[in-house]
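The next block holds one structure in the form of C-alpha cells; read it before the comments.
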Amino acid sequence: MAYNHQEIEKKWQQYWREHKTFKAENKFDLPKYYVLDMFPYPSGAGLHVGHPLGYIASDIYARYKRHQGFNVLHPMGYDAYGLPAEQYAIQTGTHPEITTEKNIKRYRQQLDQIGFSFDWDREVRTSDPAYYKWTQWTFIQLFKSWYNKKTDKAEPLTELVKQFETAGNAGVEAACDEVETFTAGQWNQMEEKQQQEILMHYRLAYLSETMVNWCPALGTVLANDEVKEGLSERGGHPVERKLMKQWSLRITAYAQRLLDGLEKVDWPDSMKEMQRNWIGRSEGASLSFQLAGASAALGGIEVFTTRPDTLFGATFMVLAPEHALIEKITTPEYKKEVDAYVQWAKNRSERERMTEVKKVTGKFTGAYAVNPLTGKNVPVWVADYVLSGYGTGAIMAVPAHDSRDFAFARHFKLPIIQVVAAENEAVTDTEQWDESYDAKEGILINSGFLNGLSVKKAIRAAIDKLEELKIGTGKINYRLRDAIFSRQRYWGEPFPIYYKEGLPYPLPEEELPLKLPEVDKYLPTETGEPPLARAKNWKTKDGYPLETNTMPGFAGSSAYYLRYMDPHNDKEYFSKEANRYWRNVDLYIGGDEHAAGHLIYSRFWNKFLFDLGLACEDEPFQKLINQGKIQGRSSFVYRIQGTNRFVSYNLRKQHKTQALYVDINMVDNDVLDTEAFKKWLPEFANAEFILEDGKYICGHEVEKMSKSKHNVQNPDELIEKYGADTLRLYEMFLGPIEQDKPWDIKGIEGVFRFLKKLWRLYFSDEDKWQVTADRATEAERKVLHKTIKKIRGDIERFSFNTGVSAFMICVNELSDLKCHKREILEPLAVLLEPYAPHLAEELWQLLGHAGSISRVDFPEYEEKYLKEDSFAYPVSFNGKMRFKLELPVNMPKEEVEKAVLSAEEAQRWLDGKTVRKVIVVPGRIVNVVAG
RNA sequence: GCCUGAGUGGUGGAAUUGGUAGACACGUUGGACUUAAAAUCCAAUGAGCAUUGCGCUCGUGCGGGUUCAAGUCCCGCCUCAGGUACCA
C-alpha cells in the first residue's frame, strides 16, 4: 500500500467527526489547558495559506497537551459581523446573514480539510442571537455601572445613587466626566431628566456629544484603532473629525489596570510595548492660568504639563482650535482672524493635518493669562498643533525646552526664556539657538525658588508650590481615549436601549436578545439616520423608539473566549463552575495587528466582568504568540512595450519592457508554463516568447497576498495534491512561527518526500507491512530517544520548524539503519501525531490498535539511551578549529590536554610555537593558545 | 522623530547557556535505475585560492571592543519591516 493521503485523511476526518474525538467535556477533575486561536472573519475569498499558520501551531500544541493527559479546550468560531458582507448587501440586496452563512460553510469545509482538532460543539458566531444576547447583556451591565476609584473597580450605579441621595457627590471619587458638585438635598430635588443626565457622566457605557472619526465613504463612525494615518483601516477612506452624539465605553477608567496587567502576562515585548504606548501614561501636573484683563471674570485656563518645573519659562499659551474658551476670550480686533483660522483648522482633514505637521500656523486671540509663578502676563494663542483630544486641549508653551513651542515662538517672534541648563555648560543667548533644549536632566535657572534644583527635584517642588497656592495638583494623564461604540451600520448587534422622552433606558434583561430587524435597504435613511431606522416597528412593546445605531466589530469579539467555556448556557453568560475550571486562555495565537484593538478591548471587557464577579481571572490571555504573516510571492513576465512579445527575466534589460503580474499557478521554480500562459487570457493567445536557455524565467517580488497580484495560494489545491499532513508540516517548516515569511511552494515537495520516506519505514518497496517485533539496537534507540527529547523541547518552546527537521533527521537515520521495528516505530507514530495527525492515526491502527491515537501517552525519553562513551572533541588552535579527536567522555581535563598536545595532527600546528594555555571544556571543546 | 523587531550561502532557515557557523530542506550539478519519463536512490554544493592528495585564506549588515573563544556580550553606525506621532 503506497502512502495514499487522500484516502487516509478523508477516513480520519470522518472518524473524528463521528466519534467527537476532540470534544472537551467540562470534567472538573482533570487538569485543564485552554488553547485559543483568534477567530476569523469569514470573508468571501475563503482561506489562503496564510490563515492556517497560527491554527496549525495551536493545533500541534493542543494535541501535544492531550497526549499529556490535559483536558484541552480548543474551540473555534466566527467573528461574523463585518463590513464586507454589508457592503455586498448594499450593492446586491443580499442579506448579510446569507452571505455570512455561505462563507462560514466554506470556511468550515476548508478548516476540516486541514485536520484541526477543534471541538466544534462549542462553536460560536457573533451574529447568532443566542450569542449576542450576552453581548447586549454586558452592554446593559456597563450602562448600569460606574467606576469607583476608591475601591478601584466597577460598581452598580444603584449604589452611587444611594450615595447621592444621602451625601451628594462631593465624597465620590469616580472615573467620570466633569460634574459639578451637588448636595444630597439638591439631588433629591432634581427632576428625573436632570438626574439621568448627571448619571450619564458616570456610566461605563454612556451617551455623549463627542468629537468622532467620521468616515463618509463607509457612512459610519470609527474608533481610534480603526483609523490608520488618517484613513479608515477597512478600505482606506478619508476620515473627518465630527461632533456627534454617540455611545462610548469608559475604557479610560481601566487605563492603569490595563497597564499594570501587562506585568503579569507572558506576551511578546513588542506587543506589551504597543499597548503601553497606546495607553500612553504620562505623569505631570494639572494647573490653571488665570485670565487677565477683560476676561478675568471667566476664570482660568486649565493645562496639563509633564514639566511643571519649566513654568518660569512659559511665555505664552496655546489653545486647540476646538477649545470652548476661544469664543469667549478673543478680543474684538482679533475676532475676524481667529474665527477664520478656527474655521480653516476644523475643515482640514485629519490626513492633511498629519502630513503638514511641519507647517506652523496659529493666531493670537488678543487675550492674556497670568503665569502663576512669575506673575507676568502671557499672550493666549490658538493653533492646531495643540490637540483638543489630549489633556485639556490647552498648553502652557515653554519654547526654550519644547521643540514644537520653539518652532512656534520663532515663527511668531515670541519670547524664549531658558530655565534649564546642562550642568557645567555655559548659558547662551536663546536668540542664537537653532533648536530647543528638550532636556530631561539639568539644573534650573531663571526660575526663582526653583533655581539650582535638578529637573527631578524641581518637578516635585513646583507641584508642591502649585498645591500650596491651590492652583494645581500632580496629575497622571493617559493618551487612551474612551472607545466610541456606535456604528451607523446595519450588520451588527442592536443596542438593547430605548428612548423615553429623549432619555436612554436599557431593555429589561428578560427581553434579550433584541434581534436585528429586517430592513428594505441596507442604507441610511433619506434623513441620514442609520439603516435600523428603516425597520418597521423598531419600538418597544410600549411604543418607545429603539436605538438605531449598532455595535462595532469589537463588541462580539471581546469576550468570546469566555462564552466557549459554556457556549450553550441560555440562563447566564457562562456558569461559575465552567469559568472557575477553565479560568482563562493559557495559549492565545493570533496576529499582531490586534494589539491596539481587540487585545485591549478584550482585556477591558474581561476586567469589567471580573469586577462583576463573573470572570475569575482579571487577565484573559496568559500567553500570547503572534504568528507572522505569510506574504505573497508574485511572479512577473516582461512584455516588450507595444508588442505581444515577452522577454525572459535576465534578458529584459535589452528591451523596453513592462512588468505584468502572472498567476503563480503557471510558474514553477520561476519557469513560466508558456502554454498555460497563452490559454490564461485571450490577449495572450498569440504571445511570443524570447527565452533564455530554452526557458522563460519570471521575475518575482515578495508582497502582500492579493487577488489583483495573482499571487494568492489557496490551500485546497495543495491539500488535494500533497495532503493536509504535508501542508501542516510545510507551513511549520517555513520558519519560526512568529516571523513574517514569503510563501513559496518550492520545498513542499521535500516535506512530501519526507512523509513518503517515513511511510517506507513501515511498508516495504513492494508495499508490504514490514514492522517487526525484533529488539531494537542501541543505535536505533539512540535515534528514537534523541528525537523524543528534541520534539518535546521544540514543542514546548514553540519551535515547530526545528521540530519538523528533527523528524526528518530521525527518519533519515532510521532509514540508513534499515529499522523496521515496532519498538521504535510505534513511539515515533505518537510523536508525529501533533504535526501529521491523519498519518499517525493510520499507522497507529495498522500497528494493531483500536481507537484514536490522540490521547495515547506522549513518549518519554530516557537519558541512558543517549549516553555516549566517547566524544569527538573539536580541537582549536587560537580559536580556529583544526581537527577532531575522539576521546572518552569521562577523561579528566589534564589527560585530555595531554592527549591533544601529543596527537599527531597537533604537531603541525605547534611547530615552532610555544603552548601558552590550553582550555578544556569537558564534552565540548579544546582550545590551544600557542604563539 | 520616537518605540519594537530583524539583517547568516543562490533560497527558506539551524546553531536552546559565549564553545565545531551554515543542521534540515529547496534549488543547482553530476551519477545510478529505466527503451523513455515519472518516482526513487547515491554524490557534490558558502566564497576565493590551490589541486594529485592531505590543503590554505576569507566569511553571520558595517566599524570598534571584551574574551582562550563572539552569529551570540558591550559601544558606535547602516539598512529593512512593523507600530506610533505636533500626546504637552
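Labels below follow one simple rule: chain letters A, B, ... track the order of the sequence lines, proteins then strands, and each chain is numbered from 1. Since the model is a prediction, treat every value here as computed from it, not as a measurement.
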Self-check item: Closest heavy-atom pair and its distance - A:Arg479, A:Tyr390
Solution: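 Closest approach of A:Arg479 to A:Tyr390, heavy atoms only: CA-CE1, 3.8 Å.
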Quiz item: Is B:G10 in the syn or the anti form, by the rule that syn lies within 90° of 0?
Solution: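 Anti for B:G10; the angle lies over 90° from 0.
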Quiz item: Rounding to the closest angstrom, what is the interatomic distance between B:G13 and B:U60 at atom C1'?
Solution: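 That atom pair is separated by 13 Å.
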Could you identify the nucleotide paired to [N], looking across every strand shown and requiring Watson-Crick or G-U wobble geometry with both distances under 3.5 Å?
| N | value |
| --- | --- |
| B:A43 | B:U29 |
| B:G71 | none |
| B:G1 | B:U84 |
| B:C24 | B:G12 |
| B:G76 | B:C62 |
| B:C56 | B:G48 |
| B:A36 | none |

Exercise. Using the side chain to side chain donor-acceptor pair (under 3.5 Å) rule, take A:Tyr835 and A:Asp725 through it: C-alpha gap first, then chi angles, then the decisive distance, then the call.
Key: CA-CA 7 Å; A:Tyr835 285 85; A:Asp725 286 337; over 6 Å; no
Going by an N to O cut-off under 4.0 Å, is there a salt bridge joining [X] and [Y]?
| X | Y | result |
| --- | --- | --- |
| A:Asp402 | A:Arg307 | no |
| A:Glu322 | A:Arg241 | no |
| A:Lys782 | A:Glu868 | yes |
| A:Arg633 | A:Asp744 | yes |

Quiz item: Does A:Asp744 or A:Ala872 map to a spot on RNA chain B nearer the 5' end, using the closest nucleotide for each?
Solution: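 Taking each residue's closest nucleotide, the earlier one in sequence belongs to A:Asp744.
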Self-check item: Most 5' of A:Met881 and A:Ala394 on RNA chain B, judged by nearest nucleotide
Solution: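 Nearest-nucleotide comparison on RNA chain B picks A:Met881.
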Quiz prompt | Heavy-atom contact window of chain A on RNA chain B, given 5' to 3' at under 4.0 Å | solution =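 Range of nucleotides within reach of chain A: B:C3 to B:A88.
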